[in-house]
Amino acid sequence: MTDTPLTCPPWLDCFRAEAPRMPVQPFFEPAPRARAAAVLILFGEGPEGPDVLLTERAATLNKHAGQPAFPGGRIDPEDDGPVAAALREAWEEAGVEPSGVDILCSLPELYLSYSEHRVTPVAGWWREPSEIAPGHPGEVATVTRVPISELVDPANRLMVRHPSGIKLGPAFRVRGMLVWGFTGALLNQVLAVGGWDRPWDEEHVEELPPAVANPRPRR
């Protein structure tokens, strides 16, 4: 891992410049007493072009069961800050070798109200991709590299609404996953600041399936 990547591709230039100044929406304003956490937004280049790494959380978890997410978790006392925590979690959850990742930047801290965490998104360039696989069977169900071209495809974009009628924000239907909630909102902003976003129908609203809106951990 290096702090000043020398091999970063040009398609990441705009993101590197703009991401540290990404606007923080009011509902993401950090709460002072929330616990510190970090996630890794890992960009790579695969067979289908530029992509980003997502995990799908296990259905047995008490919180965020079955939801797609960026690798990440709480910052432990032995971690040397958000970058170290994000890299450690990506290794533990998905098998990402930290030595093959160059850090691009850290994004503004965001508040994840459901689990009461202050989350620092850390962006990295996957200079030397490693083999990936779920590292914690009880926590991670799948690990997937999702092409940015699929994420920005208007056919894969939608807004989601809770069965109670509350609009929950932007979502993506990719690779058999419905990416919504905190990850969907952050991914929506990441695509915008990177200059990759394409116009899509924000009036296309779908209700979350009951199993997604109110998941019950499997015993």
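FYI, the numbering just counts along the sequence from 1. Quick caveat, the model's predicted, so the values are computed rather than measured.
Listed for the Asn156 side chain is a donor-acceptor partner under 3.5 Å among the backbone atoms of Glu150. Remark: the backbone N or O of Ala69 is paired with a side-chain donor or acceptor of Thr55 at under 3.5 angstrom. Proximity of a side-chain donor or acceptor of His162 to a complementary backbone N or O of Ser164 within less than 3.5 Å is detected. Checking side-chain atoms of Arg145 against main-chain N and O of Val52 turns up no donor-acceptor pair under 3.5 Å. Between the side chain of His117 and the main chain of Ser115, a donor-acceptor pair closer than 3.5 Å is present.
There is a path of hydrophobic side-chain contacts, each under 4.5 Å, that joins Trp11 to Val193. A chain of hydrophobic side-chain contacts below 4.5 Å, direct or via other Ile, Leu, Val, Met, Phe, Trp or Tyr residues, connects Leu12 to Val152. In terms of hydrophobic clustering, with Ile, Leu, Val, Met, Phe, Trp and Tyr side chains grouped at heavy-atom distances under 4.5 Å, Tyr111 and Val122 are assigned to different clusters. Clustering ILVMFWY residues whenever any of their side-chain heavy atoms sit less than 4.5 angstrom apart, transitively, puts Trp196 in the very cluster that holds Met22. Ile75 and Leu87 sit in two unconnected hydrophobic clusters of ILVMFWY residues. Membership requires side-chain heavy atoms under 4.5 Å apart, directly or through other members.
Counting heavy atoms from C-beta on, the side chains of Glu29 and Phe27 never come closer than 4.5 Å. The closest side-chain heavy-atom distance from Phe172 to Leu178 is not below 4.5 Å. You'll find the side chain of Pro71 stays beyond 4.5 Å of the side chain of Val39, heavy atoms only. Here the side chains of Leu54 and Phe70 are in contact, with some heavy-atom distance below 4.5 Å. Between Val160 and Val205 the shortest side-chain heavy-atom distance does not fall below 4.5 Å. The closest side-chain heavy-atom distance from Ser149 to Glu48 is not below 4.5 Å. Counting heavy atoms from C-beta on, the side chains of Val101 and Leu42 come closer than 4.5 Å. Contact check for Val146 versus Met177: side-chain heavy atoms found under the 4.5 Å cut-off.
For the 3.5 Å distance criterion, the side chains of Ser130 and Glu97 fail to qualify, holding no donor opposite an acceptor.
To the nearest 0.5 angstrom, Arg88 atom CZ is 13.0 Å from Trp91 atom CH2. Taking CH2 of Trp126 as the start and CG of Asp51 as the end, the distance is 7.5 Å to the nearest 0.5 Å. Leu104 contributes atom CG, which lies 5.0 Å from atom SG of Cys8 (distance to the nearest 0.5 angstrom). Atom CG of Asn188 and atom CE of Met159 lie 8.0 Å apart (nearest 0.5 Å). Note that CG of Asp201 and CZ of Arg157 are 11.0 Å apart. Values are rounded to the nearest 0.5 Å. Interatomic distance, Arg173 CZ to Leu151 CG, rounded to the nearest 0.5 Å: 13.5 Å.
With salt bridges taken as basic N to acidic carboxylate O contacts below 4.0 Å, none links Arg161 and Glu206. Residues Glu203 and Lys167 are not paired through a salt bridge, judged by the lack of any N-O separation under 4.0 Å between the basic side chain and the carboxylate. In summary, Asp79 and Arg74 do not engage in a salt bridge, as defined by a charged side-chain N under 4.0 Å from a carboxylate O.
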- Message: Applying side-chain contact (heavy atoms from CB on, under 4.5 Å) to Val24 and Glu109, what does each step give before you reach the verdict?
- Response: CA-CA 8 Å; Val24 176; Glu109 194 176 61; over 6 Å; no

- Determine, step by step, whether Leu186 and Ile41 satisfy the side-chain contact (heavy atoms from CB on, under 4.5 Å) criterion, reporting the C-alpha distance in whole Å, the side-chain angles of both residues, the deciding distance to 0.1 Å, and the verdict. CA-CA 10 Å; Leu186 175 55; Ile41 304 171; 4.2 Å; yes

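Here Phe15 and Phe43 bring their ring centres to under 6.0 angstrom of each other.
In this structure, Cys14 and Gly194 approach most closely via the heavy-atom pair CB-O, 3.8 Å. Contact detail for Val143 and Ala94: the closest heavy-atom pair is CG1-CB, 3.7 Å. Nearest heavy atoms, Pro23 versus Gln189: O-NE2, 2.8 Å. Between Pro199 and Pro154, the shortest heavy-atom distance links the atoms O-CG, 3.4 Å. Across all their heavy atoms, Arg118 and Ala34 have their closest contact at NE-O, 2.9 Å. The nearest pair of heavy atoms linking Leu107 to Ala19 is CG-O, 3.8 Å.
Within 6.0 Å of atom CD in Glu78, more than 12 heavy atoms from other residues, nucleotides or ligands are found, so the atom counts as buried in its surroundings.
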